[in-house]
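In what follows, a structure is listed as structure tokens, so that the remarks can point back to it.
Numbered from 1 within each chain, the chains take letters A, B, ... in sequence-line order.
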Amino acid sequence: MAQISLTFPDGNVRDFDSGVTPAEVAASISKSLSKKAISAQVNGQHWDLQWPIDESAEIAINTLQDDAPALELIRHDLAHVMARAVQEIWPDTKVTIGPVTENGWFYDFDRAEPFTPEDLGAIEAKMKEIINARDAVRTEIWDRARARAFYEERGEGYKVELVDRIPEGADIRMYWHGEWQDLCRGPHLQSTGQLPADAFKLMGVSGAYWFGDVNRPMLQRIQGVAFRNRDDLKKYLNFLEEAAKRDHRKLGREMDLFHLQPEAPGQIFWHPNGWTVYTSLQDYMRRMQRKDGYVEVNTPQVVNRKLWEESGHWENYRENMFIVEVDEEGAREKTINALKPMNCPCHVQIFNHGLKSYRDLPLRMAEFGSCNRYEPSGALHGIMRVRGFTQDDAHIFCTFDQIEEESKKFIDFLAKIYADLGFDSWRVKLSTRPEKRVGSEESWDSMEEALANACKAAGREFEIFPGEGAFYAPKLEFVLTDAIGRDWQCGTLQLDPNLPERLDANYVGQDGEKHRPIMLHRAVLGSFERFIGILIEEHSGKLPFWLAPRQVVVASITSEADDYVHEAVAALRAAGVRAEADVRNEKINYKVREHSLGKVPVILAVGHREVEERTVTVRRLGEKQTQVRSLDEIAAELGTEATPPDLRG
RNA sequence: GCUGCUGUAGCUCAGUGGUAGAGCACUCCCUUGGUAAGGGAGAGGUCGACAGUUCAAUCCUGUCCAGCAGCACCA
């Protein structure tokens, strides 16, 4: 038997027979390690305790104390345990795949009857039974024909398909615990008894397509979350509760920002409070754009089909467009129009109106463009994914040589805005040429390089996403992370030589000849609707003062202070603060509670004392402490705070 | 769009084959109270829509609409 040497994390080297398993290695070290071991790292690769090691390697034995491997194994083994539980309860159920997810796992099943929420309890109970049975996990490598025959005999058609999908040369691993069997690449725990029976929870059942294919029948997906111990699970469930509290749909109602109703699905009824946030943000964006050399335009909502055919949207995007047919009385033919889903074709019309010279470039054309897209019903989500929305859209018409500089300028612009809006953490993705594409390799080289160079010049790191670009050009996407760790793609910078070509945009160059400009589609916020949703959730409704819809409420403690309340409100408004009076016949406790829940950042309370001294008592949201200040002083101070970031001295 | 679940007062939710309830919010009255709910009274519902079964439907069945979760989609 050949010898191999294994190097341990502490630097020790020991010799073993080739083919030794990590389980045997652990046993040779100590009995307790052998019991506690869950898996190994062999040359950095996550390794099942039962897999033989044939060559000298670095090895580390993992236990439940090792965070990453432990979580992976717990979640993965629970997926198997759940599948076994389901098949034990409903033997006619077919199993498919069950991968690990960010906080747990899911497993997709094929079964005629739907799983009900009540079934989940039964499955969970059965899973605990299986864990308590402490069955050893066993693995073997089979050849393809045997594995295939095995699953065919059992009628597990999905598994047959999986066996067929395993690439040539890769091991086909079969796993067992108890009588139950699954095809799996592993690794797994030593025994189901190593699973924490109190640190997982089934979260729900939903539909999912087999390999994401809409044409295949829908499977039933049961999802679970799992952690190393009960406390971590509790922490996670608690986190979910906290996240639910900051849901923009809930806060939108509580803060009276907007509503949606069935007559206009995916379109927003903005209430005064919400519209104040919207217009404040839009005013800010408008000022920023002007300062950065954009011109602003506005273009039609309802545009004849002809333009969409020319732009290519009719061919490629039609099922997402609202079609408007005009059937005029006595007209020879009815006209077919579409609500614009994008602004770009209209902007090219403005560009094309009149001759453009190279001296006009770069031309930065901005529009707060109202767009309508017929999004699939299942995609709608509050104000984050809607059918009617407004983009902070702009198209930069420029020459190829100007791409890099314009891109750099845009990244700087976007960085300034994200910083002003309180987002410090964001990433840049560079999506490069896809398989199916148009244009020469040289042109792709230079476009990708221009975007990469622009990032470098702006001092921004970027990740490359190969093959993710549009068929005509690469793009940058700007992803920000909110307070609960979710990613949102908001900003984008898409190069586009295609649309100017289709719509025959051109400018007269220095040489007196016609040339084709390139377009840069770009947005910072993406859409106001989605961005406001993100802002609400990021701040749990406690928006930055300059964006808060009601910045100050002046509340009377006694009705004898009512006149002074109105005087204070007038003074605040004169100072540029959005202030309201609350002179209702209610106690101050009641008013404080209500406005605190309404996320009003500042409450000024006034009673006899304040009236006499011409002061107010200031209470800021989230603070218990109050402060007595003179009315003039606080009006000036809050006036400064209410100033948008770009207008501050 | 697909699978599953849900739809009762402005909000959160209970409930029943014999046309409905609570808390909060709302209106009025009392109370003028010092920093997260003072007390009392009152008003408010075509039980998502439309069909069907039934003597009788908010409840059972079907279709549609909308919402929620996930999948798919996001040129």
Establish, from distance only, whether the side-chain atoms of [X] and [Y] form a donor-acceptor pair under 3.5 Å.
X	Y	result
A:Glu580	A:Gln551	no
A:Ser556	A:Lys591	yes
A:Asn273	A:Thr276	no
A:Asn343	A:Gln391	yes
A:Asp182	A:Tyr107	yes
A:Trp90	A:Glu113	no
A:Ser540	A:Lys245	no
A:Thr617	A:Glu610	yes

In whole Å, what separates the [atom1] atom of [N] from that of [M]?
N	M	atom1	answer
B:rA22	B:rC29	P	24 Å
B:rU35	B:rC30	C1'	23 Å
B:rA25	B:rG42	C1'	14 Å

Please state how far atom [atom1] in [X] lies from atom [atom2] in [N], giving the value in whole angstrom units.
X	N	atom1	atom2	value
A:Arg221	B:rC71	CZ	P	6 Å
A:Glu263	B:rG48	CD	C1'	10 Å
A:Arg249	B:rC11	CZ	P	15 Å
A:Arg584	B:rC28	CZ	P	12 Å
A:Asn372	B:rC74	CG	P	19 Å
A:Asn585	B:rU31	CG	C1'	7 Å
A:Arg385	B:rG70	CZ	P	13 Å
A:Gln489	B:rC73	CD	P	16 Å

[X] near the nucleic acid: base, sugar-phosphate alone, or nothing, with a heavy-atom cut-off under 4.0 Å?
X	result
A:Lys591	nothing
A:Arg111	nothing
A:Ser556	nothing
A:His595	nothing
A:Gly204	nothing
A:Leu597	base
A:Gln625	nothing

Quick one: the side chain of A:Ser559 and the base of B:rU32, do they pair up donor-acceptor inside 3.5 Å?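 Counting by modelled atom types and ignoring angles, a donor-acceptor contact under 3.5 Å is found here.
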
Pair of N/O donor and acceptor under 3.5 Å linking B:rA36 base with A:Arg619 side chain: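 Looking at the base of B:rA36, it does pair with a donor or acceptor on the side chain of A:Arg619 (distance under 3.5 Å).
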
Using the benzene-type ring in the case of Trp, are the ring centres of A:Phe258 and A:Phe269 under 6.0 Å apart?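 No, too far apart.
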
Atom pairs and distances, donor-acceptor, side-chain atoms in residues 521-528 of chain A, under 3.5 Å, two or more places apart:
unit_1	atom_1	unit_2	atom_2	d
A:His521	ND1	A:His395	NE2	3.0
A:His521	NE2	A:Asp496	OD2	2.7
A:Arg522	NH1	A:Tyr294	OH	2.7
A:Arg522	NH2	A:Asp392	O	3.0
A:Ser527	OG	A:Glu529	N	3.4
A:Ser527	OG	A:Arg530	N	3.0

Could you provide the dot-bracket string of RNA chain B, using ( ) for intrastrand pairs, [ ] for crossing pairs and | for bases paired to another strand, with Watson-Crick or G-U pairs below 3.5 Å? (((((((..((((....[..)))).(((((.......))))).....(((((..]....))))))))))))....

Indicate yes or no: does A:Arg437 engage A:Glu441 in a salt bridge with an N to O separation below 4.0 Å.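 Yes.
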
For B:rA25 and A:Tyr590 - does any side-chain N or O of the residue sit under 4.0 Å from the phosphate oxygens OP1/OP2?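 Answer is yes, contact under 4.0 Å.
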
OP1, OP2 of B:rU12 versus side-chain N and O of A:Arg253: anything below 4.0 Å?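 The answer is yes; a side-chain N or O of A:Arg253 sits under 4.0 Å from OP1 or OP2.
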
Close N or O pairs between protein and nucleotides 1-4 of chain B (under 3.5 Å):
unit_1	atom_1	unit_2	atom_2	d
B:rG1	OP2	A:Ser377	OG	2.7
B:rG1	N7	A:Gly378	N	3.0
B:rG1	N2	A:Tyr209	OH	2.9
B:rC2	O4'	A:Tyr209	OH	3.3
B:rU3	O2	A:Gly207	N	3.2

